[in-house]
Amino acid sequence: MSSKTTSIRPPDTVDQQRRVSLADRIALRVGMSLIIWSRRTHRVRPSVDFATRQRLERELREREVALLVQGAAMRMWR
């Protein structure tokens, strides 16, 4: 049985819908339009220099090793 608690609504209550404001809907639409426009106009990925690529790969390896060690530690803890 899970130790997480869930909030259960009594059966006689009605779930009220929350209205989204006009400003929020406009902001969402403008933001999505900018993202789509940005992806259409910038087809070429920016070039990354060798040192930055090496650093990113090293950080990725370090994160993977940390996750493996954490997973092994959790299995041993059980």
Side-chain angles (χ1 to χ4, degrees):
M1 187 168 158
S2 175
S3 63
K4 294 182 181 178
T5 59
T6 58
S7 58
I8 300 175
R9 234 181 324 111
D12 58 346
T13 59
V14 177
D15 187 21
Q16 295 182 2
Q17 290 182 340
R18 287 182 238 152
R19 303 286 296 167
V20 178
S21 69
L22 178 62
D24 286 342
R25 282 186 278 161
I26 292 172
L28 181 62
R29 178 147 316 174
V30 168
M32 290 301 295
S33 299
L34 285 173
I35 290 170
I36 292 168
W37 173 82
S38 163
R39 291 185 179 193
R40 284 185 184 163
T41 56
H42 300 294
R43 293 178 189 263
V44 179
R45 298 179 89 183
S47 62
V48 180
D49 62 311
F50 183 72
T52 304
R53 182 170 293 152
Q54 292 294 329
R55 180 179 55 83
L56 292 172
E57 289 175 0
R58 185 183 73 245
E59 290 173 358
L60 178 64
R61 281 193 306 270
E62 289 172 357
R63 282 194 302 271
E64 288 174 348
V65 167
L67 281 172
L68 288 172
V69 168
Q70 184 180 12
M74 291 301 290
R75 279 193 293 278
M76 289 173 56
W77 180 72
R78 283 187 188 182

Do the charged groups of Arg55 and Glu59 touch, with an N to O distance under 4.0 Å?
yes
Hey, does Leu56 have a side-chain heavy atom less than 4.5 Å from the side chain of Leu60?
no
Crowded around Arg25 CZ? As in, over 12 foreign heavy atoms under 6.0 Å?
yes
List the steps and the verdict of salt bridge (Lys or Arg N to Asp or Glu O under 4.0 Å) for Glu57 and Arg53.
CA-CA 6 Å; Glu57 289 175 0; Arg53 182 170 293 152; 5.1 Å; no
CG on Asp49 to CD on Gln54, rounded to 0.5 Å
10.0 Å
Between Asp24 and the options Val20, Leu28, Leu22, the side chain to side chain contact (heavy atoms under 4.5 Å, CB included) test singles out Val20
With a 3.5 Å distance limit and no angle check, can you tell me whether Ser33 reaches the backbone of Arg29 through a side-chain donor-acceptor pair?
yes
